[in-house]
Amino acid sequence: MAKNRISPDEYTRPLRRILVGVLVFALLALFFVWRIDSPRVERFRTALVDRMVPSFEWALVPVTKTVDMFESFQSYANLYDQNQELRRELQQMKAWKEAALQLEQKNARLMDLNQVRLDPKLTHVTGVVLADSGSPFRQSVLLNVGARDGLRDGWATMDGIGLVGRISGVGDRTSRVILLTDSNSRIPVVAQPSGQRGLLSGDNTARPPLEFIEKPDLVRPGDQVVTSGDGGVFPASLLVGTVVQGNDRRLRVALSADYERLEFLRVLRSHALEPITDAGSLIAVPVTEAPTVQTEAPAVVGQ
């Protein structure tokens, strides 16, 4: 008589059904426990969380490691982008360096051809800006150089681009600089290319006006403004700024110096020019004495 063979599926199928039923029942029970609003159930939920959550820290380790790896990859990508940007800027700087060297060589050749003689006395002293006036009615800054460095009142000060002001008050170790925007500042300037001379008068604004121009119609916005050197106040041809037209229809100057970032100022040493007192022989014809003519008195004939 043949034996009845029972397949393994006949044992596992009921077990799977029982396990699925238990799992569904557990999930439904957990759902209802989490939804019931009762103090006892709340205490049960708190005890269950305190009991089960700490034991699942090992399960969060892969997630934590994955997040750390993703953040590290982002940091690496940012570093790579910054590196590429720095490489591009370095290439641009090398190009600018080559251009600057070429211009320097060209300038040296032109100066040699024109036999330009630079004034060795026009040197400079660099000072650090210690503080500003902090007042809307007085525009000035304080430098950490003074009389011990040979500074004198009236010397011009510049930043890396344009004229900033002049020395007004010198101590032993410090000096004060009156800015071009100060209401007490008056400097003679000339507008290029028209050559019109005027006076740059500070009015406590970022764009001081141009005054006393002989022919204002010849001065247009965009013209360059430099010092004229009149009166020996400043050396000539120092860059001041660009002509603009203000809201009040007056001609003003947009200063080239960056007044928002005054950290280092260069004080130009000036020297007194030797005055010319002799008119010179080519200007006035020398005066010669007229020849003297001796006349004899007529003889008196006696009668």
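Being a predicted model, the structure only gives us computed values, none of them experimental.
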Look up atom [atom1] in [X] and atom [atom2] in [Y], then write down how far apart they are to the nearest 0.5 Å.
X	Y	atom1	atom2	result
D258	E263	CG	CD	9.5 Å
E89	W96	CD	CH2	14.0 Å
I167	I178	CD1	CD1	9.5 Å

Let me check something: do [X] and [Y] share a hydrophobic cluster, defined by ILVMFWY side-chain heavy atoms less than 4.5 Å apart, either directly or through other members?
X	Y	value
L255	L199	no
V244	L210	no
V225	I213	yes
V267	V141	yes
V145	L142	no

**Sidechain N-carboxylate O distance under 4.0 Å for E211, R186** = no
Are the side chains of [Y] and [X] in contact, using a 4.5 Å heavy-atom criterion?
X	Y	value
L239	I161	yes
T126	L265	no
Q139	N184	no
E214	Q196	yes
E85	Q82	no
V226	V189	no

Is the count of non-hydrogen atoms from other residues, nucleotides or ligands lying under 6.0 Å from [X] atom [atom1] greater than 12?
X	atom1	value
R87	CZ	no
N247	CG	no
R173	CZ	no

**Request:** Kindly determine whether L268 and R266 satisfy side chain to side chain contact (heavy atoms under 4.5 Å, CB included), including the steps that lead there.
**Result:** CA-CA 6 Å; L268 302 181; R266 183 172 56 188; 4.3 Å; yes
Under a 3.5 Å distance rule, please check whether [X] uses its side chain to pair with a backbone N or O of [Y] as donor and acceptor.
X	Y	answer
Y259	V164	yes
T227	L238	yes
N83	L79	no
S75	E71	yes
T157	G165	yes
D223	R220	yes

Please name the pair of heavy atoms, one in [X] and one in [Y], separated by the smallest distance, quoted to 0.1 Å.
X	Y	answer
S201	P209	O-CD, 2.9 Å
S256	G162	CB-CA, 4.4 Å
P208	G202	CB-CA, 4.0 Å
F264	V129	N-CG2, 4.4 Å
S228	A236	O-CB, 3.7 Å
L200	L180	CD2-CD1, 4.3 Å

**Message:** Do R176 and S168 pair up side chain to side chain, a donor and an acceptor below 3.5 Å, judged on atom types alone?
**Reply:** no
**Message:** Applying salt bridge (Lys or Arg N to Asp or Glu O under 4.0 Å) as the test, list every pair that has at least one member in residues 144-171; sequence neighbours left out.
**Reply:** none
**Complete:** The residue among V177, V170, V128, L130 that forms side-chain contact (heavy atoms from CB on, under 4.5 Å) with L143 is V177
**Candidate pair D203 and R207, rule salt bridge (Lys or Arg N to Asp or Glu O under 4.0 Å), full reasoning** = CA-CA 8 Å; D203 60 349; R207 296 182 174 184; over 6 Å; no
